[in-house]
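Notes for the one structure printed next.
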Protein chains: 2
Amino acid sequence: MSHVGYGCLMAVDRDHVLRSAAALLTRKSTATMDEVAKAAGISRATLHRQFAGRDALVRALEALGIEECEAALDAARLDDGTAQEAVRRLVRELEKVAGLLAFLYTENQLFEGDGQHEGWARLDARMAALFRRGQQSGEFRIDLSPAWLTEALYGLMASAAWAVTEGRVAAKDFHHMIVELLLGGALRREEP
Amino acid sequence: MSHVGYGCLMAVDRDHVLRSAAALLTRKSTATMDEVAKAAGISRATLHRQFAGRDALVRALEALGIEECEAALDAARLDDGTAQEAVRRLVRELEKVAGLLAFLYTENQLFEGDGQHEGWARLDARMAALFRRGQQSGEFRIDLSPAWLTEALYGLMASAAWAVTEGRVAAKDFHHMIVELLLGGALRREEP
DNA sequence: CCCACATGAGACATAGATGTCTCATGTGGA
DNA sequence: TCCACATGAGACATCTATGTCTCATGTGGG
C-alpha cells in the first residue's frame with residue numbers, strides 16, 4: 001500500500017496537465033497526444049496513465065470547463081442587482097474561461113451523441129434564467145428569447161477569444177466588446 | 001480527345017458534389033471521404049478524381065464559401081441607403097450561406113499557416129467598411145471597432161446556424177435574432 | 001456497331017495517431 | 001541502506017483514414 005500520498009500527488013499533476021492541455025488545445029485544437037504531453041512537461045506514457053486516451057482527456061477538459069463556468073456563474077451572483085449588472089459581472093468572470101470555452105465550442109463531437117454532459121444544460125438554464133429575469137424586470141427586450149441570448153453569449157465569447165488570439169482585436173477590450181454588443185448593440189442610443 | 005463535353009459535365013458534377021459535401025460537413029465536420037462520397041451519390045474513387053484529397057476538398061469548400069459570401073455582399077448593396085438597412089440586407093443574404101460559414105469557421109486549420117485565402121481579407125474589409133460607414137454617418141457607436149463588429153457578425157451567424165440545427169431556436173427567427181442583437185442589443189430602448 | 005471514357009467496386013499500400021507493453025532510472029520514505 | 005513506485009524512453013502492434021491502383025461495366029457519340 002502506498003498510503004495517501006498517491007491520490008494527492010496525482011490530483012495536483014492531473015490539474016497541471018489539464019491546464020497545459022487546455023492552453024495548447026485552445027491554440028491548436030488538432031494537437032497530438034505527444035504535443036499535449038510535451039506541453040505539460042511529461043512523457044506520453046505518463047499522460048496515458050492519467051487519461052485513458054484522447055477522448056478521456058477531452059472529456060476531462062469538458063468537465064473542467066463546465067466546472068470553471070459554474071464557478072464563474074457563482075462568482076457573478078446572477079441574482080443580485082439588476083440583470084444588466086449581473087450580465088456585466090458574468091462576462092467579467094467568464095473572460096478567464098473564454099479560451100477553453102472556445103475550444104470546447106468547436107469540439108462539436110461532444111454534442112453529437114445523446115450522451116452530452118449534463119453540465120451544459122445546467123449552465124444554459126442558469127444563463128437563460130438571468131436573461132428571463134431581465135425580461136421580466138423590463139430591462140431586456142422580449143423579442144429575443146433567453147435561449148438565443150444564451151447562445152449568442154457563447155458565440156460572442158468564442159469569437160472574441162479567437163479574435164484576440166489572432167490579434168484582430170485587443171485583449172483589454174474583451175469585456176467591453178462583448179458586454180456592449182450583447183446589451184447595447186451597434187446602434188447609437190438616441191439621446192434622451 | 002473527348003471534345004468539350006468533358007469539362008462541362010465535370011463542372012456540373014463538381015458543383016453538386018461540393019454542395020453535398022457542404023451540407024454534410026456542416027452537420028458533421030468529421031465526416032469521412034467515404035461519407036462525403038456517399039452523400040454526393042458517387043464513389044470514393046470518383047470523389048478523389050475530382051478533388052485530389054480531403055485537403056483539396058476543404059479548400060474548394062472554402063473557395064465556394066467565399067464566393068457565395070461575396071455574392072451575398074454584392075446582392076446586399078452595402079453602399080445603398082443607411083448602414084442599418086444595409087446590415088439588414090446583408091444578414092438576409094448571408095442567411096443561406098450560414099451553414100457553410102459555420103463549418104468553415106470551425107476549420108481553424110485554414111487559418112493557422114500564412115497561406116490563408118485572400119478572400120477572407122476582402123470580405124472582412126468590405127464588412128468593416130460598412131460598419132465604418134455607419135459610424136461616420138452617426139448611426140453606429142464608435143466604441144465598438146469595425147473589426148470587432150465584423151468578427152461578431154461571423155460569430156453570431158455561426159452560433160445561430162448551429163443553434164438552429166440543434167433545434168434550440170427556430171429557423172424562421174434567424175434574421176431577426178441576428179440583426180436585432182447585432183444592431184440593437186438585448187437592452188430595451190428607452191421610449192423617446 | 002464499335003470505341004472512348006467516365007464510373008463504381010474493391011484491393012492494396014501508406015501514413016499518422018493511438019494504445020499497450022517493457023525496462024531502466026531516479027527519488028522519497030521506512 | 002533498501003525498497004516501492006512513479007516516471008521517461010522507446011519499441012511494438014493496431015487502427016483508421018487516406019491515397020493509389022486495377023479492372024469490369026455501362027453509356028454516349030461517331
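We name chains A, B, ... by the order of the sequence lines, and we start the count at 1 in each one. Everything numeric in this text was worked out from a predicted model, so none of it was measured.
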Measure the spacing between CE of A/Met157 and SG of A/Cys69 and express it to the nearest 0.5 Å. 7.0 Å

Spacing of B/Asp34 atom CG relative to C/dG10 atom P, expressed in whole Å: 11 Å

For A/Gly185 and B/Leu144, the nearest pair of non-hydrogen atoms, with its separation, is O-CD1, 4.0 Å

Can you tell me the distance, in whole Å, between the CD atom of B/Gln50 and the P atom of C/dT7? 6 Å

Please work out whether the ring planes of B/Phe131 and B/Phe140 are parallel, tilted or perpendicular, with thresholds of 30° and 60°. tilted

State the pairing partner of C/dC23; accept Watson-Crick or G-U wobble contacts with both distances under 3.5 Å, and report none otherwise. D/dG8

In whole Å, what is the span from the CG atom of B/Asp55 to the C1' atom of C/dG16? 15 Å

Atom-to-atom span, CZ of B/Phe51 to P of D/dT20 - whole angstrom: 15 Å

Nearest whole angstrom, please: distance from the C1' of C/dC5 to the CG of B/Asp13. 14 Å

Just how far, in rounded Å, is P of C/dC23 from CZ of A/Arg49? 14 Å

Do other residues, nucleotides or ligands put more than 12 heavy atoms under 6.0 Å from A/Arg92 CZ? no

Quick check against the 3.5 Å criterion: does B/Thr46 have a side-chain atom that pairs as donor or acceptor with the backbone of B/Ile42? no

OH-OH distance between A/Tyr105 and B/Tyr105, expressed to the nearest 0.5 angstrom: 9.5 Å

Separation of B/His48 atom NE2 from C/dA6 atom P, in whole Å? 18 Å

For DNA chain D, which residues in residues 35-47 of chain A have a heavy atom at a distance below 4.0 Å? A/Gly41, A/Ile42, A/Ser43, A/Arg44, A/Ala45, A/Thr46

Does A/Arg54 contact C/dG19 through a side-chain donor or acceptor facing the base, at a distance under 3.5 Å? no

Atom NZ of A/Lys28 and atom C1' of C/dA17: how far apart are they, to the nearest Å? 12 Å

